[in-house]
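Here the structure is laid out as structure tokens; the discussion comes afterwards.
These figures come from a predicted structure and were not determined experimentally. Scope of the values below: all heavy atoms of this structure, side chains included, with no hydrogens, waters or symmetry mates.
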Amino acid sequence: MTHTIHKLAFGEKLQVQKVQGAFNALGGADRLSSNPLASHDYILKIVPTVYEDLSGRQRFSYQYTVANKEYVAYSHTGRIIPAIWFRYDLSPITVKYTERRQPFYRFITTICAIVGGTFTVAGIIDSCIFTASEAWKKIQIGKMS
């Protein structure tokens, strides 16, 4: 019962670069070096996934995680019966990816925060330099005790 799984996916294929997920977790899995008389049990946890793009169009797919168990099974006659099982559990929770653009006012607010922070730091540095120079002048003329 050695085998190779080329692809196991559920729902529509999402061709989005920004979405990271396990949409084909078993893709490329092989059990070619396992015991040929062993049974394989794949336990899949399937999570519905919705992707909404900027235009509001929704696409539905499913992500899943997998656990694998390999064992040798015997029947009541003592014969070995190899098998491959795919057991699945559907999650009641849906993952939703929503594509959004940042509004223009957020860009303006960020620029103002950067400029304001720069002026504040420059003011603090200028104040420190001015205070140090005034103290140095007092020390030079001897008025600082």
Side-chain angles (χ1 to χ4, degrees), residues 1-74 80-145:
M1 202 45 83
T2 60
H3 60 281
T4 301
I5 300 171
H6 296 285
K7 180 180 178 184
L8 180 64
F10 302 95
E12 186 180 337
K13 183 177 181 181
L14 293 179
Q15 302 249 352
V16 180
Q17 296 293 335
K18 298 173 188 168
V19 176
Q20 300 294 323
F23 294 98
N24 188 17
L26 274 177
D30 67 343
R31 301 293 182 258
L32 299 176
S33 61
S34 66
N35 183 355
L37 298 175
S39 293
H40 298 273
D41 204 356
Y42 294 98
I43 298 101
L44 309 171
K45 301 287 184 181
I46 301 173
V47 180
T49 304
V50 178
Y51 176 77
E52 184 176 343
D53 60 10
L54 286 172
S55 65
R57 192 179 117 215
Q58 291 185 341
R59 290 186 271 171
F60 300 93
S61 187
Y62 296 88
Q63 298 182 64
Y64 66 94
T65 58
V66 64
N68 181 28
K69 182 172 69 171
E70 181 179 327
Y71 58 94
V72 177
Y74 294 93
I80 297 173
I81 303 173
I84 297 176
W85 296 95
F86 291 95
R87 303 174 199 273
Y88 60 90
D89 181 27
L90 291 172
S91 173
I93 298 172
T94 300
V95 175
K96 184 174 183 179
Y97 296 101
T98 305
E99 190 175 302
R100 292 193 180 144
R101 281 198 183 110
Q102 293 293 335
F104 185 69
Y105 68 83
R106 183 125 183 218
F107 171 73
I108 297 298
T109 305
T110 304
I111 295 298
C112 289
I114 291 169
V115 170
T118 303
F119 274 114
T120 302
V121 170
I124 291 171
I125 292 171
D126 180 56
S127 174
C128 290
I129 291 172
F130 179 76
T131 304
S133 70
E134 290 297 315
W136 181 253
K137 285 178 185 175
K138 285 183 181 181
I139 288 172
Q140 283 183 338
I141 61 173
K143 289 193 173 185
M144 194 112 167
S145 49

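Annotation for F119: atom CZ does not count as buried by contact number, only 12 or fewer foreign heavy atoms lying within 6.0 Å.
For the atom pair I125 CD1 and T120 OG1, the distance stands at 11.0 Å (nearest 0.5 Å). Note that CD1 of I124 and CD1 of I129 are 12.0 Å apart. Values are rounded to the nearest 0.5 Å. The CZ atom of F10 sits 8.5 Å away from atom OH of Y88, with the distance rounded to the nearest 0.5 Å. Note: E99 CD to R57 CZ = 11.0 Å, rounded to the nearest 0.5 Å. Separation of atoms OG1 (T109) and OH (Y105) is listed at 8.0 Å; rounding is to 0.5 Å. Separating the OG1 atom in T65 from the CG atom in L44 is a distance of 8.0 Å, to the nearest 0.5 Å.
Closest heavy-atom contact between A38 and P82: O-CB, 3.8 Å. When all heavy atoms of T94 and V50 are compared, the closest pair comes out as CG2-CG2, 3.8 Å.
Side-chain N or O atoms of S39 include one that pairs as donor or acceptor with a backbone N or O of I81 at under 3.5 Å. Counting only distance, with no hydrogens or angles, the side chain of S133 and the backbone of F130 share a donor-acceptor pair below 3.5 Å. A donor-acceptor pair under 3.5 Å is formed between the side chain of T118 and the backbone N or O of I114.
Side chains of Q58 and F60 form a contact here, defined as non-hydrogen atoms less than 4.5 Å apart. At a threshold of 4.5 Å between non-hydrogen side-chain atoms, the residues V47 and K45 do not count as touching. Using a 4.5 Å cut-off on side-chain heavy atoms (C-beta onward), L8 and V66 make no contact. Counting only heavy atoms from C-beta outward, the side chains of L32 and T4 approach each other to under 4.5 Å.
Only one option out of Q63, R59, K96 pairs with T49 in a side-chain contact (heavy atoms from CB on, under 4.5 Å); it is Q63.
Qualifying ring pair (Phe, Tyr, Trp, His ring centres under 6.0 Å) partners for F86, counting only residues two or more places apart in sequence or in other chains: Y42.
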